[in-house]
Amino acid sequence: LIAFTARRRNFPVEPPVPLRDLPRVTWEAFPALMMPVILLGLLYSGVTTPTEAAAALLPVAKRLAGSGSWENIFVGRVYYLGGQKSEGQGIFDAVTSSKKVEGGDWFRIGRVYFEANEWEKAKAAFDKALFMNPNAEDWLAEIGACYNLKGDRAKAEEYFARSISADPDDLHNLARI
């Protein structure tokens, strides 16, 4: 399913890693590969609660995110929804102040605000996402669903109609509606 979606949405593909580079790449990935081991070790040993264990891994996740926007947004999401809003907001601000900010960044941040029940902030982020990519049919459908959940059926139907007109043959989009 992931490979199908990646091909369909034209996600970038990285070149295969040559065998001679495999030890170096594995060593660089080692901290990320150890995160589940550390998390489960902390949990099963009874040293920490699940929340404390996850919080202990956030600085590592933040470092591993590097300059990747969606990676940083994910880390910011965990901070933001985990109650450390200022830390999460700082990450979002850093991503959106970058010259490489894209509509997808604003869309992902809008999702976080929606999950946090901060509808006005979510709408502003969604508006910025659609300003950068006004015909993103999957975003239009999902934003329409958000408006519908917030009780604005007229606005939801407007977004649904735009989504369908952008790609009338996309059954995946119709499923979001």
Side-chain angles (χ1 to χ4, degrees), residues 1-3 5-18 20-133 136 138-139 142-143 145-146 149 176:
L1 182 62
I2 293 170
T5 303
R7 274 193 295 276
R8 188 175 171 287
R9 294 187 181 184
N10 295 321
F11 288 168
V13 178
E14 294 185 16
V17 176
R20 70 177 180 278
D21 292 340
L22 196 57
R24 178 188 54 80
V25 171
T26 303
W27 180 252
E28 289 173 0
F30 188 73
L33 295 171
M34 289 305 297
M35 288 179 78
V37 174
I38 295 167
L39 180 66
L40 293 173
L42 291 171
L43 292 175
Y44 287 133
S45 67
V47 173
T48 64
T49 66
T51 304
E52 291 168 336
L57 294 176
L58 277 174
V60 176
K62 187 175 178 182
R63 184 177 62 79
L64 291 172
S67 62
S69 64
W70 71 265
E71 294 92 338
N72 277 293
I73 292 169
F74 178 78
V75 173
R77 176 185 183 276
V78 176
Y79 275 116
Y80 202 87
L81 297 177
Q84 297 180 35
K85 287 189 175 185
S86 61
E87 183 73 26
Q89 187 63 55
I91 293 171
F92 298 156
D93 292 344
V95 169
T96 57
S97 66
S98 164
K99 292 180 181 176
K100 298 185 297 184
V101 69
E102 297 178 0
D105 300 330
W106 283 110
F107 179 72
R108 288 180 188 96
I109 293 169
R111 280 178 169 166
V112 175
Y113 292 146
F114 183 78
E115 289 179 70
N117 207 23
E118 296 180 9
W119 182 227
E120 293 305 316
K121 289 175 92 172
K123 284 193 298 188
F126 289 150
D127 287 345
K128 289 175 184 175
L130 290 175
F131 177 78
M132 297 176 95
N133 193 348
D138 51 340
W139 300 352
E142 191 167 331
I143 294 168
C146 292
L149 287 169
R176 286 189 169 109

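- Electrostatic pairing of Lys85 and Glu118 counts as a salt bridge here, judged by a charged N lying under 4.0 Å from a carboxylate O.
- Within the 4.5 Å cutoff, no side-chain heavy atoms of Arg108 are placed close to those of Arg77.
- Atom CG of Asp21 and atom CD of Glu28 lie 9.0 Å apart (nearest 0.5 Å).
- Annotation: the span from Asp105 atom CG to Ile73 atom CD1 amounts to 4.0 Å, rounded to 0.5 Å.
- To the nearest 0.5 Å, the span separating OG1 on Thr48 from CD1 on Ile38 amounts to 11.5 Å.
- By the 4.5 Å heavy-atom criterion applied to side chains, Arg63 and Pro31 are counted as neighbours.
- A distance of 15.0 Å separates CG in Asn133 from CH2 in Trp106, rounded to the nearest 0.5 Å.
- Taking the side chain as every heavy atom from C-beta outward, Ser86 and Tyr79 never approach each other to under 4.5 Å.
- Sparse packing is recorded around OH of Tyr44, with 12 or fewer heavy atoms of other residues, nucleotides or ligands lying under 6.0 Å away.
- Not counting sequence neighbours, the partners of Asp93 by the side chain to side chain donor-acceptor pair (under 3.5 Å) test are Gln89.
- For the pair Gly103 and Ala129, the tightest heavy-atom approach, listed with the atom from each and the gap, is O-CB, 3.3 Å.
- Considering Glu120, Lys123, Lys121 as possible partners of Tyr113, the one that fulfils the side chain to side chain contact (heavy atoms under 4.5 Å, CB included) test is Lys121.
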Ile109 vs Lys128, side-chain contact (heavy atoms from CB on, under 4.5 Å): CA-CA, chis, key distance, verdict: CA-CA 10 Å; Ile109 293 169; Lys128 289 175 184 175; over 6 Å; no
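- Taking every heavy atom of both residues into account, Phe126 and Arg111 meet most closely at CE2-N, 3.7 Å.
- Taking both residues in full, the closest heavy atoms of Val75 and Ala65 are given as CG2-CB, 4.4 Å, listed atom of the first, atom of the second, then distance.
- When all heavy atoms of Leu33 and Thr26 are compared, the pair lying nearest together is CD1-O, 4.4 Å.
- Rounding to the nearest 0.5 Å places CD of Glu71 at 10.0 Å from CG of Leu64.
- Here the side chains of Pro50 and Leu43 are in contact, with some heavy-atom distance below 4.5 Å.
- Ring-plane geometry between Trp139 and Phe107 is classed as parallel, the angle between the planes falling under 30 degrees on a 0 to 90 degree scale with a further cut at 60.
- When side chains are defined from C-beta on, Met35 counts as touching Val60, because their heavy atoms get closer than 4.5 Å.
- Ring geometry, Phe92 versus Tyr80: the interplanar angle falls from 30° to 60°, so the pair is classed tilted.
- Listed by chain and residue number, nothing satisfies the side chain to side chain donor-acceptor pair (under 3.5 Å) test with Asn72 (two or more places apart in sequence, or in another chain).
- Residues satisfying the salt bridge (Lys or Arg N to Asp or Glu O under 4.0 Å) criterion with Glu87, sequence neighbours excluded, are Lys62.
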